[in-house]
Amino acid sequence: MLADDLLEPVFRDMDPGHPRHVADWLGEVFGGPARYSGTRGGHAHMISRHQGRGITEPQRRRWVSLLMDAADETGLPADPEFRAAFAGYVEWGSRLAVVFSAPGAAPATDEPVPRRDWAVPPWAPQPKKTSASS
Ligand code: HEM
């Protein structure tokens, strides 16, 4: 993000632990251990870190794009069911980040960390049947 023209001004003074904090948050949202709630203060703290930043739509869109690149680079599961749920959450959350970071916004903070799941088991390409195997 620091190498990105649109996001550098937003992340210039970021906490060096930021990638870990976001990973802990996302892990908790998607059913992993409640590490963010246990170590960082949960939903209220996450919201407070966005307030007053005035995140713009182009910055949001770029952030989403870089997060999707990171999902590939870190080897998150690539099945379409998980990725659809992941993309849905990231689109939802990042649009809320724009709203909550606007001047004068007063978002509710006493909410739990959201949870996301995906109902359909992962799909994987099936080997084609050949005449020899039928
Ligand atoms: C689904 C959407 C998002 C999630 C889940 C998310 C999550 C988080 C989390 C967990 C933190 C760390 C809070 C802490 O210190 O404990 C954080 C901080 C921050 N986020 Fe987001 N965020 C989202 C969208 C965005 C977007 C779209 C932007 C800007 C383009 C943004 C900018 C920031 C900034 C500037 C910080 C503070 C950096 C630091 O010092 O750690 N976030 N976010």
Side-chain angles (χ1 to χ4, degrees):
M1 288 179 297
L2 296 178
D4 185 276
D5 56 342
L6 272 178
L7 294 179
E8 192 277 337
V10 184
F11 286 95
R12 188 173 291 163
D13 300 319
M14 77 174 168
D15 184 318
H18 178 70
R20 163 55 53 199
H21 302 147
V22 176
D24 286 348
W25 173 275
L26 291 173
E28 187 168 339
V29 169
F30 283 92
R35 205 171 282 144
Y36 190 86
S37 292
T39 61
R40 288 297 284 178
H43 188 260
H45 187 67
M46 192 278 269
I47 293 288
S48 74
R49 298 294 289 137
H50 296 88
Q51 281 183 278
R53 292 188 187 271
I55 298 167
T56 66
E57 172 56 23
Q59 287 168 335
R60 182 201 74 79
R61 188 67 188 74
R62 183 70 57 83
W63 185 91
V64 168
S65 174
L66 293 184
L67 191 71
M68 292 306 169
D69 290 346
D72 289 343
E73 287 161 16
T74 56
L76 284 193
D79 60 280
E81 291 75 17
F82 171 71
R83 287 305 179 103
F86 189 70
Y89 169 71
V90 166
E91 281 293 331
W92 176 80
S94 63
R95 285 164 200 275
L96 289 184
V98 171
V99 173
F100 294 163
S101 70
T109 55
D110 57 345
E111 294 182 6
V113 172
R115 292 286 188 164
R116 290 294 172 104
D117 203 349
W118 55 108
V120 186
W123 175 88
Q126 300 300 311
K128 267 192 174 163
K129 281 190 177 162
T130 62
S131 52
S133 63
S134 61

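Computed from a prediction, not measured in an experiment: that's the story for all the values here.
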Whether the side chain of S101 engages the backbone of I55 through a donor-acceptor N/O pair (distance < 3.5 Å, no angle test) should be reported. yes
Under 3.5 Å, is there a donor-acceptor pair between the side chain of R115 and the main chain of E28? yes
Apply salt bridge (charged side-chain N to carboxylate O under 4.0 Å, His left out) to the pair R61 and E57, showing each step before the final yes or no. CA-CA 6 Å; R61 188 67 188 74; E57 172 56 23; 5.7 Å; no
Ignoring hydrogens, what is the shortest heavy-atom contact between [X] and [Y]? Give both atom names and the distance.
X	Y	value
G42	Y36	O-CE2, 3.2 Å
A108	I47	O-CG1, 4.5 Å
S94	V90	OG-O, 2.7 Å
W92	P114	CZ3-CG, 4.1 Å

Salt bridge or not between D72 and R83? Use side-chain N to carboxylate O under 4.0 Å. yes
Is R95 paired with E91 through a side-chain N to carboxylate O contact shorter than 4.0 Å? yes
Validation row: [X], [Y] side chains within 4.5 angstrom (heavy atoms):
X	Y	value
F11	D4	no
P9	R12	yes
H43	W25	yes
M68	F86	yes

Could you state the interatomic distance from CZ (R62) to OG1 (T56), rounded to the nearest 0.5 Å? 10.0 Å
Quick one, T109 with F100, criterion side-chain contact (heavy atoms from CB on, under 4.5 Å). Give me CA distance, side-chain angles, the key distance, then yes/no. CA-CA 11 Å; T109 55; F100 294 163; over 6 Å; no
Test side-chain contact (heavy atoms from CB on, under 4.5 Å) applied to H18 and M1, step by step: CA-CA 11 Å; H18 178 70; M1 288 179 297; 3.8 Å; yes
Aromatic plane relationship, Y89 with F30 - under 30° parallel, 30 to 60° tilted, over 60° perpendicular: perpendicular
Tell me whether L2 is reachable from L66 by hopping between hydrophobic residues (I, L, V, M, F, W, Y) whose side-chain heavy atoms are closer than 4.5 Å. yes
Between M14 and L6, is there shared hydrophobic-cluster membership here, with clusters defined by ILVMFWY side-chain heavy atoms closer than 4.5 Å? no
Residue from R53, R60, Q59, H50 passing side chain to side chain contact (heavy atoms under 4.5 Å, CB included) with V98: R60
Can you tell me if R40 has over 12 outside heavy atoms packed within less than 6.0 Å of its CZ? yes
